[in-house]
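Inspection log for the structure reproduced underneath, given as structure tokens.
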There are 2 protein chains.
Amino acid sequence: MTSTASLWYFESVNLYNVLCPHKTKELDKKHEFRQFKKDQFIYFPNDEADHIYMVAEGRVKIGHYLDDGKEVVSSILTKGEIFGELALAGEDKRRDFAQVMDNNTSICPLNIEALKALMKDDKELSFRLLKLVGLRLMRLERKLELLVFKDARTRIVEFLKDSASWKGKKVGYETMIPTKLTHKDIAALTGTSRQTVTTILNELKEQNLIYFDRRKILIRDLANLQ
Amino acid sequence: MTSTASLWYFESVNLYNVLCPHKTKELDKKHEFRQFKKDQFIYFPNDEADHIYMVAEGRVKIGHYLDDGKEVVSSILTKGEIFGELALAGEDKRRDFAQVMDNNTSICPLNIEALKALMKDDKELSFRLLKLVGLRLMRLERKLELLVFKDARTRIVEFLKDSASWKGKKVGYETMIPTKLTHKDIAALTGTSRQTVTTILNELKEQNLIYFDRRKILIRDLANLQ
DNA sequence: GCGGCAATGTCTTGAACCTGACAAAAAGGT
DNA sequence: ACCTTTTTGTCAGGTTCAAGACATTGCCGC
């Protein structure tokens with residue numbers, strides 16, 4: 001039972017790590033942060049895909065709607081994470097939406113053309129961007145496997161483990177995950193129903209494997225959670 | 001009920017379209033085709049990821065094994081299609097396997113380092129490779145959505161439609177898909193069980209929407225299949 | 001043409017989990 | 001502090017499909 005510890009619910013590539021340090025200064029001039037309020041959309045499906053974005057503050061939900069109106073959430077991004085990077089890879093119109101989840105969310109947009117211009121000067125940048133998209137692809141493959149071939153409990157447990165190693169703070173054996181995600185959010189991320197998330201989380205609490213309230217999830221022993 | 005006609009079960013990017021036409025000649029010197037027999041592996045998980053490959057003849061199955069030994073098939077590739085391109089995007093060890101499905105399968109390997117060297121000279125090549133990986137990402141997103149949010153019948157029908165538009169030959173209203181895929185193969189590709197595939201295909205045959213035998217699948221009216 | 005093996009067809013059973021319904025609790029605004 | 005809305009908890013009912021078992025059919029090598 002070897003499980004590779006890779007993350008997929010949360011994204012982890014910082015835009016500044018992708019862009020050359022010495023180029024960053026140059027780009028900083030263009031860094032105009034846009035402010036959003038809760039529930040505002042950054043882009044809709046079919047919008048022109050001409051920017052990639054980094055979250056400077058707050059949370060952003062990426063997803064799209066099925067034919068029947070049901071919302072599918074691909075990921076929920078927080079500070080330092082980037083999105084919309086498919087615009088780099090030839091996507092002309094958005095296929096998904098990006099919606100702000102908190103008030104006072106601050107987003108840094110970066111023009112694709114500007115980035116492409118940088119790529120011409122900077123060969124290394126091309127590799128980094130290729131890696132960025134490749135990393136996203138690998139994560140998606142893991143997500144696919146979990147969502148399709150594992151049962152609801154495993155999906156939720158894996159979600160907790162991913163959250164823990166990515167957002168958690170370790171205190172002794174315990175890992176504290178501060179989160180404002182509702183059970184509905186977790187359901188959307190794990191491809192389960194709201195009720196199932198509630199039930200399974202309470203089962204885990206019952207077994208004393210985790211504790212949670214509306215602000216945090218506490219994992220008793222990350223290594224033994226499964 | 002608008003369904004975007006994008007393909008995901010089968011891959012569609014020809015390596016020669018990615019590589020500059022004038023570079024192709026240069027690369028041709030290095031084009032040494034490797035021959036494989038049925039069931040041989042091209043690479044295993046944890047192998048060094050130092051090549052990308054193109055199928056020149058025959059079929060190749062890409063997949064991996066779950067902890068419980070179950071085989072997951074990501075895709076089945078035929079002539080002209082490429083695989084292993086995650087090596088370009090920073091994958092150092094293979095996470096999946098590539099297995100040959102037919103005798104007399106011919107594969108053209110291309111060294112990653114050679115390709116990276118080409119990228120330095122050729123800025124456009126970087127964009128093309130970025131697009132290549134981006135396209136794969138978009139397809140995978142569609143696949144994820146279908147597998148997670150649609151029922152077995154829809155998944156199988158979508159599979160048929162994809163196969164038809166990608167591999168099918170149109171004859172009047174009818175579309176003929178020559179295929180050697182077994183119901184087990186289709187089950188693995190659609191994330192269903194072998195029995196379910198058999199049953200649903202027979203239901204579709206019953207409703208006169210398709211006909212099939214062990215060599216082909218015939219779709220009566222592609223536009224009306226759903 | 002024959003034997004063996006893989007693929008297909010068809011049932012039955014049961015588990016997983018979605019859905020809808022409703023109550024209780026918490027959060028948030030004014 | 002009060003009212004409204006959101007979130008959480010719990011249950012019953014029903015659907016979907018995977019899995020196992022077994023018969024039948026078709027393919028392939030000899």
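Letters A, B, ... mirror the listed sequences (proteins, then strands); counts begin at 1. The analysis underlying the following values was restricted to heavy atoms, covering all of them including side chains, and did not include hydrogens, waters or symmetry mates.
- A 4.5 Å side-chain heavy-atom check between A:Glu91 and B:Leu137 finds every atom pair outside the cut-off.
- Looking at which nucleotide of DNA chain C each of A:Ala152 and A:Gln195 is closest to, the 5′-most match is held by A:Ala152.
- C:dG20 atom P lies 11 Å from atom NZ of A:Lys70, rounded to whole Å.
- Here the P atom of nucleotide D:dG9 and the CZ atom of A:Arg214 are 7 Å apart, to the nearest Å.
- One interatomic measurement links the two molecules: OH of B:Tyr211 to C1' of C:dT8, which rounds to 13 Å at whole-angstrom precision.
- More than 12 non-hydrogen atoms from other residues, nucleotides or ligands lie less than 6.0 angstrom from CD of A:Gln207.
- Backbone-only engagement by A:Thr196 is indicated by non-hydrogen atom pairs under 4.0 Å involving sugar-phosphate atoms exclusively.
- As a whole-Å value, the separation of A:Arg155 CZ from C:dA16 C1' is 10 Å.
- Atoms CG (A:Asp185) and P (D:dT7) sit 8 Å apart, rounded to a whole Å.
- Among the atoms of the strands shown, only primed sugar atoms or phosphate atoms (P, OP1, OP2) are found under 4.0 Å from some heavy atom of B:Asn202.
- Annotation: cation-pi pair A:Lys70/A:Tyr65 absent, no NZ/CZ under 6.0 Å from the ring centroid and within 45° of its normal.
- One can place CZ of B:Phe149 at 11 Å from P of C:dT19, the figure rounded to the nearest angstrom.
- Aromatic pair A:Phe44/A:Phe97: centroids not less than 6.0 angstrom apart.
- Rounded to whole Å, atom P of C:dA6 lies 18 Å from atom NZ of B:Lys180.
- Taking side-chain N and O atoms only, B:His183 has no distance below 4.0 Å to OP1 or OP2 of C:dA6.
- Comparing A:Asp151 and A:Asn103 along DNA chain C, the residue whose closest nucleotide (by nearest heavy atom) sits nearer the 5' end is A:Asp151.
- Counting any heavy atom pair closer than 4.0 Å across all strands shown, B:Thr198 reaches a base atom.
- Side chain B:Arg194 to base D:dG20: no donor-acceptor pair is found below 3.5 Å.
- A:Ile82 is listed as a side-chain neighbour of A:Arg136, based on a closest heavy-atom distance under 4.5 Å.
- Atom NZ of B:Lys216 and atom C1' of C:dT8 are 16 Å apart (whole Å).
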